[in-house]
Amino acid sequence: MRVAVTGATGFLGRVLLPHLLTAGHEPVALLRASPGREPAAFEAAIPGAAARLYDPLEERSVCAALAGCDAVVNLAGENVLGSRWSTAFLERIRRSRIATTRTLVTAMASLPQAPAVLLSASAIGIYGPREAEEACTEATTNLGHDFLAVLCRDWEAAAHAAESAGTRVVCLRIGVVLGRGGGALAKMERPFRWGVGGRIGSGHQVMSWIHVGDLARLIVFCLADGGVRGPVNATAPAPVTNRELTRAFAAALGRPAFLPVPALALKALFGRGAAVLTTGQRVLPAVLQERGFAFEHETLAAALADLYP
Ligand SMILES: NC(=O)c1ccc[n+]([C@@H]2O[C@H](COP(=O)([O-])OP(=O)(O)OC[C@H]3O[C@@H](n4cnc5c(N)ncnc54)[C@H](OP(=O)(O)O)[C@@H]3O)[C@@H](O)[C@H]2O)c1
């Protein structure tokens, strides 16, 4: 399939594209146009991938960028911890996901042939902060009410609108993605290497994580399996507490981890956004397991051993 990927230059996109190529797909990276940005530079970095410039908020531009594509993977979005949570930044976070997804879906419907499938990113934040022992699956209906939960609900609703044009829609409720060179571990690596890493707040919050390679593989899996639709929890089957992640990560780096990061310090840095780090939820990948997806890294120990051999 020719698969358009928005947000392809990001942490997940850069890992996904080689997996799409290996699976025999033709990835087309949609890059936001900006001065000096050259699709050729992206194509040279990932041989076999095509790249097109676009404006994610301009329907005609999105239409042109999607020409000839059979499937869309929608990963675009402003980094939620990219800045302190001011009112203006929260609006940017919403516009970069909801307005862009609405424009994408309108553009898809106006093509001569709407793409057969849309896999759109969402996040486990949709379940809201939870007690450690409470497990969430895709069947959980009492979703959260905080900023991130409402963001994800609106983001998923914008994606599901593509169903009216006959497109199969999958919303990937992505957990904390573990990989090198981006995401949570890239932020943790420096303090831990300096020996000043530690648990966040109480450390009791549950972190439902996934190895970035498994995430790429499950995206390829969901593209191929026409029986997968609706919400899909993109998390490994064995979530851990932040305390457990801290200990395992420090051990993987061979460094100590005895300096807890106080919740108040994070609040000073990120404002309300600190809740992303100080709260959590136990999320299980029920749909993926029912459909027979095989995780390569089911446990945190296996994932970290692969990432930090
Ligand atoms: N990483 C995680 O742990 C995690 C967890 C849960 C959910 N997710 C979701 O998965 C998606 C991909 O995550 P990621 O870690 O790969 O993110 P990332 O590294 O921050 O990359 C996101 C990409 O989105 C595009 N983008 C950035 N700001 C934008 C804006 N204002 N408007 C439109 N596009 C914008 C950029 O691509 P271009 O500039 O090339 O267009 C960027 O490379 C995100 O939507 C994220 O919320 C990630």
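For ligands, and for the atoms within them, numbers begin at 1 and follow the listed sequence. Given the structure is predicted, the values throughout are model-derived calculations rather than measurements.
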At a 4.0 Å threshold, what atoms of ligand 1 neighbour a non-hydrogen atom of G7?
-> 23 (C), 24 (O), 37 (O)
Check whether any protein heavy atom sits under 4.0 Å from atom 17 (O) of ligand 1.
-> no
Atom 6 (C) of ligand 1: nearest protein contact (heavy atom, Å) | I174 O, 3.3 Å
Stepwise, does the side chain to side chain contact (heavy atoms under 4.5 Å, CB included) test hold for L66 with L104?
-> CA-CA 9 Å; L66 290 175; L104 179 69; 4.2 Å; yes
Going by distance alone, is a donor N or O of one side chain under 3.5 Å from an acceptor N or O of the other, for E156 and S122?
-> yes
Of the choices L75, T101, L172, which has the non-hydrogen atom that lies closest to atom 11 (C) of ligand 1?
-> L75
Per-atom contacts, ligand 1 versus L12 - under 4.0 Å to a heavy atom = 10 (O), 12 (C), 13 (O), 14 (P), 15 (O), 16 (O)
More than 12 heavy atoms of other residues, nucleotides or ligands under 6.0 Å from CD of E163: is that the case?
-> yes
Are there more than 12 heavy atoms of other residues, nucleotides or ligands under 6.0 Å from atom CZ of R272?
-> no
Below 4.0 angstrom from a heavy atom of A76, which ligand 1 atoms are there? Numbered from 1 as shown, please.
-> 24 (O), 34 (N), 45 (O)
Among the clusters formed by ILVMFWY side chains lying less than 4.5 Å apart, do L245 and F295 turn up in the same one?
-> no
E131, CD atom: more than 12 neighbouring heavy atoms under 6.0 Å = no
Heavy-atom contacts with W155 under 4.0 Å: which atoms of ligand 1 show up? List them by number with element.
-> 45 (O), 47 (O)
How close does the nearest protein non-hydrogen atom get to atom 33 (C) of ligand 1, and which residue and atom is it?
-> R32 CD, 3.6 Å
Taking NZ, NE, NH1 and NH2 as the nitrogens, is one of them in R173 or E138 under 4.0 Å from a carboxylate oxygen of the other?
-> no
If you count the atoms of ligand 1 from 1 in the order shown, which ones are under 4.0 Å from a heavy atom of F11?
-> 1 (N), 15 (O), 16 (O), 19 (O)
Who's the nearest protein heavy-atom neighbour of atom 31 (N) of ligand 1, and how far?
-> E78 OE1, 2.9 Å
To which protein heavy atom is atom 2 (C) of ligand 1 closest, and what is the distance rounded to 0.1 Å?
-> V177 CG2, 3.4 Å
Which protein non-hydrogen atom lies closest to atom 38 (P) of ligand 1, naming both residue and atom, and how far is it?
-> T9 OG1, 3.4 Å
Is the number of heavy atoms from other residues, nucleotides or ligands under 6.0 Å of R60 CZ greater than 12?
-> no
Between the candidates G77, G10, A184, which shows the shortest non-hydrogen contact distance to atom 24 (O) of ligand 1?
-> G77
R32 backbone acceptor or donor facing R37 side chain under 3.5 Å | yes
Please determine if R97 has a nitrogen or oxygen closer than 3.5 Å to a nitrogen or oxygen of ligand 1.
-> yes
Return yes or no for this condition: an N or O of G183 is under 3.5 Å from an N or O of ligand 1.
-> no
Is S96 close to ligand 1, meaning an N/O of one under 3.5 Å from an N/O of the other?
-> no
Within-shell test, G175 vs ligand 1, heavy atom, strictly < 4.0 Å | yes
Taking N or O atoms only and a 3.5 Å limit, does R37 qualify as a polar contact for ligand 1?
-> yes
Looking at A29 and A8, what are the two nearest heavy atoms and their distance?
-> CB-CB, 3.5 Å
Numbering as shown, the atoms of ligand 1 that approach S122 to under 4.0 Å (heavy-atom distance) | 7 (C)
Qualifying residues under ring pair (Phe, Tyr, Trp, His ring centres under 6.0 Å), relative to F192, sequence neighbours excluded = F249
Using the six-membered ring wherever Trp is involved, compare the ring planes of F147 and W85 and label them parallel, tilted or perpendicular (cut-offs 30° and 60°).
-> perpendicular
